[in-house]
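First the structure, then my questions, so here it is.
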Amino acid sequence: KPASVKLLLNGGEKITFPLKNGYFAFQGIPAGTHLIEVSAPGFFFSPLRVDVSARLHGQVRASLVETGRVLSGNLVLEPMRQEQYFEKREPFSVLGLLKSPMGLMVAFMLIAVVVLPKLMDNIDPEEMKKIQEEMRNRPSPSFSNLLQGARS
């Protein structure tokens, strides 16, 4: 819609709006190189580099900044692409849930709860008693013992 489109010269130094037929004009542009940008909601336009010649009595040469293509005759500006402002939400996926950090933690805990008791059942009973004796004889770690160990 032409009503929502505006054209900016040199980052807003001058602003103009297209007419209903799509034509636009900037008045009183000095000789030199200028940049025309199109602001249109929902569309991306390549900026336009315009060279106004002082020697050739205001002759205009225009080229697209993105592609470097020189435009001759009437300047026809077409959008390069339609803007996507929002990302599409991904559908629910069990594999995606398992790949998440929380899913990995839950999977690890389930494996620990299911597999570790079975591993303990496979240990030789004499070896198990030996390990339990060692754990009973070892003094329980306390916070003060940990601090003293850190100072040493």
Side-chain angles (χ1 to χ4, degrees), residues 1-20 22-24 26 29-30 32-52 60-152:
K1 296 180 181 179
S4 62
V5 177
K6 63 181 172 181
L7 292 103
L8 310 162
L9 182 74
N10 297 332
E13 191 177 291
K14 290 191 178 194
I15 298 173
T16 190
F17 299 93
L19 302 173
K20 287 183 181 180
Y23 286 93
F24 66 92
F26 286 102
I29 305 300
T33 301
H34 305 282
L35 189 68
I36 297 177
E37 298 170 279
V38 179
S39 173
F43 296 97
F44 174 76
F45 287 82
S46 175
L48 190 68
R49 179 182 166 191
V50 179
D51 297 313
V52 180
V60 176
R61 181 173 177 254
S63 62
L64 294 173
V65 172
E66 296 280 327
T67 60
R69 190 181 81 183
V70 176
L71 301 176
S72 59
N74 289 341
L75 299 179
V76 178
L77 302 175
E78 296 177 356
M80 291 188 77
R81 65 179 178 270
Q82 195 167 3
E83 291 287 357
Q84 297 294 327
Y85 295 113
F86 303 102
E87 292 183 21
K88 290 184 180 178
R89 176 180 267 178
E90 294 181 22
F92 177 76
S93 164
V94 175
L95 185 61
L97 182 66
L98 290 176
K99 286 182 178 180
S100 72
M102 189 61 91
L104 290 172
M105 288 190 313
V106 168
F108 177 74
M109 293 304 294
L110 286 174
I111 289 171
V113 166
V114 172
V115 173
L116 288 179
K118 291 188 180 191
L119 289 175
M120 296 298 283
D121 291 342
N122 293 335
I123 294 178
D124 185 33
E126 291 176 13
E127 190 69 32
M128 183 64 135
K129 287 180 184 179
K130 191 176 180 182
I131 292 171
Q132 288 175 349
E133 287 286 327
E134 287 178 9
M135 290 182 78
R136 283 187 201 132
N137 294 335
R138 186 182 306 163
S140 63
S142 67
F143 188 68
S144 60
N145 290 343
L146 290 174
L147 287 177
Q148 288 176 357
R151 290 181 189 161
S152 303

Item checked: CD on Glu37 to CG on Leu9, rounded to 0.5 Å -> 9.5 Å
Next item on the list: Could you tell me the separation between the NZ atom of Lys130 and the CE atom of Met128, rounded to the nearest 0.5 Å?
Entry: 14.0 Å
Notebook entry, point to check: What closest approach, in Å, do Ala112 and Pro117 show between heavy atoms, and which atom pair accounts for it?
Noted result: O-CD, 3.6 Å
Checklist line | From OG (Ser46) to CD1 (Ile36), nearest 0.5 Å | finding: 11.5 Å
Item checked: Among Leu8, Ile29, Leu7, side chain to side chain contact (heavy atoms under 4.5 Å, CB included) partner for Lys14 -> Ile29
Notebook entry, point to check: Among all residues two or more places apart in sequence or in another chain, which pass the side-chain hydrogen bond (donor to acceptor under 3.5 Å, both in side chains) test with Ser93?
Noted result: none
Next item on the list: Could you pull out all residues at least two apart from Leu98 that satisfy side chain to side chain contact (heavy atoms under 4.5 Å, CB included)?
Entry: Val94
Next item on the list: For Leu35 and Pro47, work out which heavy atoms get closest and say how close.
Entry: CD1-CB, 3.9 Å
Next item on the list: Mind checking the CD1-CG spacing from Ile15 to Asn10? Nearest 0.5 Å is all I need.
Entry: 11.5 Å
Check: Where do Ala40 and Phe45 come nearest, in terms of heavy atoms and distance?
Finding: CB-CE1, 3.7 Å
Checklist line | Validation row: Pro30, Val52 side chains within 4.5 angstrom (heavy atoms) | finding: no
Margin query: Among residues at least two apart in sequence or on other chains, which ones pass side chain to side chain contact (heavy atoms under 4.5 Å, CB included) with Val113?
Written below: none
Item checked: Shortest non-hydrogen contact from Phe24 toward Phe17 -> CB-O, 4.4 Å
Check: With a 4.0 Å cut-off, would you call Glu126 and Lys129 a salt bridge?
Finding: no
Note to self: Which heavy atom of Arg49 sits nearest to which heavy atom of Thr33, and what is that distance?
What the structure shows: NE-CG2, 3.4 Å
Notebook entry, point to check: If you measure from OG1 on Thr16 to CZ on Phe26, what distance do you get to the nearest 0.5 Å?
Noted result: 5.5 Å
Next item on the list: Determine whether Leu64 and Leu48 make a side-chain contact, defined as any pair of heavy atoms from C-beta on separated by less than 4.5 Å.
Entry: yes
Notebook entry, point to check: Within a radius of less than 6.0 Å around CD of Glu83, do more than 12 heavy atoms belonging to other residues, nucleotides or ligands occur?
Noted result: yes
